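A quick write-up on the structure given underneath.
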Protein chains: 2
Amino acid sequence: MARRVVRTPTKVVVDLDARKATILKAVVVEHIDTAQPVGSSAVAASADLDVSSATVRSEMVALEREGYLAQPHTSAGRIPTDKGYRYFVDHLQSGVLGAVQQQQVKEFFASVRGEVEEVLEQTSTLLSQMTSYTSVVVGASHAHATILSVQLVNLDAHHHLLVTVFSDGSVVKHSLTPSFAATPKEVMEASRQLNALLINTSLETRVQVPSRRDHEADLVREAVSTLHAQQPVMEGEQVFIGGSSRVAEVFDGVETVRQVLAILEQELLVVSLVQDILDQGLSVAIGSEHGFEPLSTCALIVAPVTIDGVPAGAVGLLGPTRMKYREAMAAAEVVSARLTRHFAGADERG
Amino acid sequence: MARRVVRTPTKVVVDLDARKATILKAVVVEHIDTAQPVGSSAVAASADLDVSSATVRSEMVALEREGYLAQPHTSAGRIPTDKGYRYFVDHLQSGVLGAVQQQQVKEFFASVRGEVEEVLEQTSTLLSQMTSYTSVVVGASHAHATILSVQLVNLDAHHHLLVTVFSDGSVVKHSLTPSFAATPKEVMEASRQLNALLINTSLETRVQVPSRRDHEADLVREAVSTLHAQQPVMEGEQVFIGGSSRVAEVFDGVETVRQVLAILEQELLVVSLVQDILDQGLSVAIGSEHGFEPLSTCALIVAPVTIDGVPAGAVGLLGPTRMKYREAMAAAEVVSARLTRHFAGADERG
DNA sequence: ATTAGCACTCGGTAGAATTGACTGCTAACA
DNA sequence: TGTTAGCAGTCAATTCTACCGAGTGCTAAT
């Protein structure tokens with residue numbers, strides 16, 4: 001699953017002259033609105049341009065030559081290429097949220113409560129409702145969090161539950177099924193030893209396990225190895241996908257819909273996609289920019305969420321390349337900011 | 001969300017005479033295969049029937065009159081109604097799994113390990129891969145499970161984590177954010193009291209909380225009320241949906257796809273749907289039988305999963321009414337049985 | 001009761017003709 | 001030199017027509 005990180009190539013792109021830029025933007029706006037190829041006359045009619053369609057046409061050939069526009073076929077209008085969208089996005093003055101959405105966000109954060117996971121999940125729903133795109137909310141891994149408490153609870157002689165609480169507030173359970181029958185006393189003792197051993201370590205810390213060959217030591221060893229035996233990456237990452245039904249609204253063609261849904265099912269893939277794009281501040285991957293073929297007709301907007309300044313996840317929006325960037329980006333930005341504030345604010349509220 | 005429970009009305013339906021039955025079945029089989037209306041000659045050609053198409057036709061009129069078949073328009077063949085499918089399903093001799101699927105199931109259960117949640121999730125994926133339908137796996141609520149351990153871990157002065165372990169192996173966390181600053185000592189003491197209070201109770205048990213007005217008692221009260229403050233129903237239910245991309249393959253019409261996806265997003269709804277249909281043994285809800293309008297073009301197959309004889313959840317398959325019932329039902333049955341065995345077997349394995 | 005035969009219905013398809021939204025080009029113009 | 005009006009050309013989409021064929025219901029004969 002090697003994929004390269006793509007940064008927005010803003011600085012590389014030679015800027016277009018004012019008129020070309022206006023024309024390009026007009027084409028993008030119109031195409032986003034209508035989903036149809038845009039003709040020269042439609043652009044010429046665009047108020048802030050006082051030239052004839054013929055002039056627009058010759059500019060369009062230039063824009064096509066430079067790779068910003070494309071023509072589905074002769075005698076059709078132009079549609080933007082990924083590069084065209086990229087230019088558009090890079091020169092977008094950041095939009096403001098509509099009144100309805102503002103209200104929605106406000107109400108949401110005023111009323112939301114509960115565990116982090118619930119908040120993230122509901123945020124995901126919120127975002128997709130606001131934008132009518134599918135949303136992805138990623139909660140950071142607790143790989144770096146330290147362990148606050150470990151507890152071994154025994155269900156019966158052969159089944160024990162290892163419950164670990166991390167400093168980031170996450171709780172993880174693991175089943176232990178040793179081959180010997182352990183007494184409650186032994187389990188308690190093992191639990192005590194585990195606490196002594198693991199508290200304040202992170203999962204990356206290697207610890208010195210006892211080498212004795214008695215039940216307590218065996219339990220301790222099994223617990224530690226179970227706990228540390230995680231996937232090299234991504235373990236503990238949480239993904240919440242909201243509004244997957246939007247996929248059917250927003251993409252056309254059953255096959256495309258199926259493909260996008262299939263990708264959304266692979267949550268690990270989605271996480272790594274988001275992580276790749278993630279940067280400080282709002283960022284967007286358009287079409288094939290993320291280098292992942294099956295999503296070449298998609299655009300993905302990602303905004304980071306932090307807790308106390310450290311990266312704690314991200315919110316994202318997935319739509320077709322011809323998505324309403326301004327609105328969607330505004331939504332992602334506002335929600336990520338409010339979410340950041342929400343988590344920070346949780347500290348001062350009590 | 002009131003919905004009535006619908007049991008399969010097998011006994012109520014007057015049985016059809018042999019020939020009508022053969023014809024009806026032929027129509028269903030053919031329609032499931034081709035998705036097209038089925039004509040009288042196609043049915044007549046069906047090997048185990050030695051009558052002319054004309055005879056078939058007159059039988060078909062009867063079947064239509066009795067509500068088993070319908071005609072999209074004059075001069076088209078017949079398609080089964082929900083009632084037709086119902087008859088078909090009720091008279092289906094239980095099928096056997098294909099060799100490939102058998103192998104798939106075998107390998108899966110031979111290799112699967114991990115927490116219950118993971119197993120259920122992966123089972124869901126398995127089912128959808130086997131059948132190419134969307135699968136739903138529901139894990140039972142732990143409302144009746146007793147509490148094995150409660151632990152209050154303090155993150156900082158104002159944030160504490162209440163970690164509860166249930167006898168069914170589930171672990172639940174709740175955040176407590178009291179308005180006063182509690183010392184680690186107070187938290188530990190509260191934790192001790194909670195244990196004394198709650199161990200061996202279930203969430204349905206009302207407990208006597210201390211009425212003192214000190215920090216420990218306040219913490220205990222807040223913990224108990226948080227723990228008991230659950231949704232009246234469904235809390236703790238787990239749902240795993242696998243292969244939602246199949247929706248796009250299997251249903252036709254963007255709008256239908258969107259609608260089904262939208263329903264799948266509401267997990268509570270899906271759970272209640274499954275619960276309604278759930279019965280001992282394999283059961284099927286066809287079309288509007290479940291009384292839920294938006295899913296009237298769907299069929300839902302449900303098979304129960306038990307642990308040590310008590311209901312512990314269910315596996316389900318969601319497809320169009322014209323789904324491959326025999327294969328899908330076989331898959332649901334086999335997987336639910338193996339899952340039941342898996343959970344029972346876990347006890348003897350260690 | 002069954003069947004062959006027949007007239008009729010009606011959705012789907014294939015082609016042809018038409019439309020119309022574009023373009024690119026050219027020649028005139030400021 | 002940049003801009004524009006005008007025009008011929010292209011090509012997808014639409015409309016129309018005719019027709020085909022699958023399938024029915026009915027009837028009369030077996």
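So you know, we letter chains A, B, ... as the sequences are listed, proteins then strands, and number each from 1. All figures in this text were calculated on a predicted structure; none of them were measured in a lab.
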Q: Working to the nearest 0.5 Å, report the span between CG of Leu295(A) and CD of Glu289(A).
A: 13.0 Å

Q: Take atom CD of Gln36(A) and atom P of dT23(C), then tell me their distance rounded to the nearest Å.
A: 14 Å

Q.
Is it the case that the base of dT24(D) and the side chain of Ser75(B) share a donor-acceptor contact (distance under 3.5 Å, atom types as modelled)?
A. no

**Q.** Selection from dT23(C), dT2(C), dA5(D) that lies nearest to any side-chain heavy atom of Ser52(A)
**A.** dA5(D)

Q) Where the side chain of Ser41(B) is defined as all heavy atoms beyond and including C-beta, which of dG23(D), dT3(D), dT3(C) is the nearest nucleotide? A) dG23(D)

Q. Has Arg19(B) got a side-chain N or O lying under 4.0 Å from the OP1 or OP2 atom of dT2(C)?
A. yes

Q: Find the distance Asp50(A):CG to dA5(D):P and express it as a whole number of Å.
A: 12 Å

Q.
Please pick, from dG11(C), dT4(D), dA12(D), the nucleotide with the shortest atom-to-atom distance to any side-chain atom of His73(B).
A. dG11(C)

Q. Under 4.5 Å between any side-chain heavy atoms of Leu282(B) and Val302(B), yes or no?
A. no

Q) Roughly, in whole Å, what's the span from CD in Glu64(B) to C1' in dG23(D)? A) 13 Å

Q.
For dG25(D), does the base pair up with any side-chain atom of Arg78(B) as donor and acceptor (N or O, under 3.5 Å, distance only)?
A. no

Q. Among Leu126(A), Val334(A), Val137(A), whose side chain to side chain contact (heavy atoms under 4.5 Å, CB included) with Val315(A) holds?
A. Val137(A)

Q. Can you check the Arg57(A) CZ to dC7(D) C1' distance for me, whole Å?
A. 10 Å

Q: For Ser58(B), report the nucleic acid contact type (base, sugar-phosphate, nothing); a contact means any heavy atom under 4.0 Å.
A: nothing

Q: Please determine if Asp82(A) and Arg86(A) form a salt bridge, counting it only when a charged side-chain N lies under 4.0 Å from a carboxylate O.
A: no

Q | Whole-Å gap separating C1' (dG23(D)) and CD (Glu30(B)) | A | 14 Å

Q | Distance, rounded to the nearest Å, where Leu69(B) contributes CG and dG25(D) contributes P | A | 11 Å

Q.
Using the rule side chain to side chain contact (heavy atoms under 4.5 Å, CB included), only one of Leu24(A), Thr55(A), Leu49(A) pairs with Val43(A); which is it?
A. Leu49(A)

Q) Choosing from dG25(D), dT23(C), dT2(C), which nucleotide comes nearest the side chain of Val61(B)? A) dG25(D)

(Q) If you assign each of Thr74(B) and Ala54(B) to its closest nucleotide in DNA chain C, which residue comes earlier from the 5' end? (A) Ala54(B)

**Q.** Whole-Å distance separating the CD1 atom of Ile23(B) from the P atom of dG23(D)
**A.** 15 Å

Q: Rounded to the nearest angstrom, tell me the gap between atom CD1 in Ile79(B) and atom C1' in dG11(C).
A: 15 Å

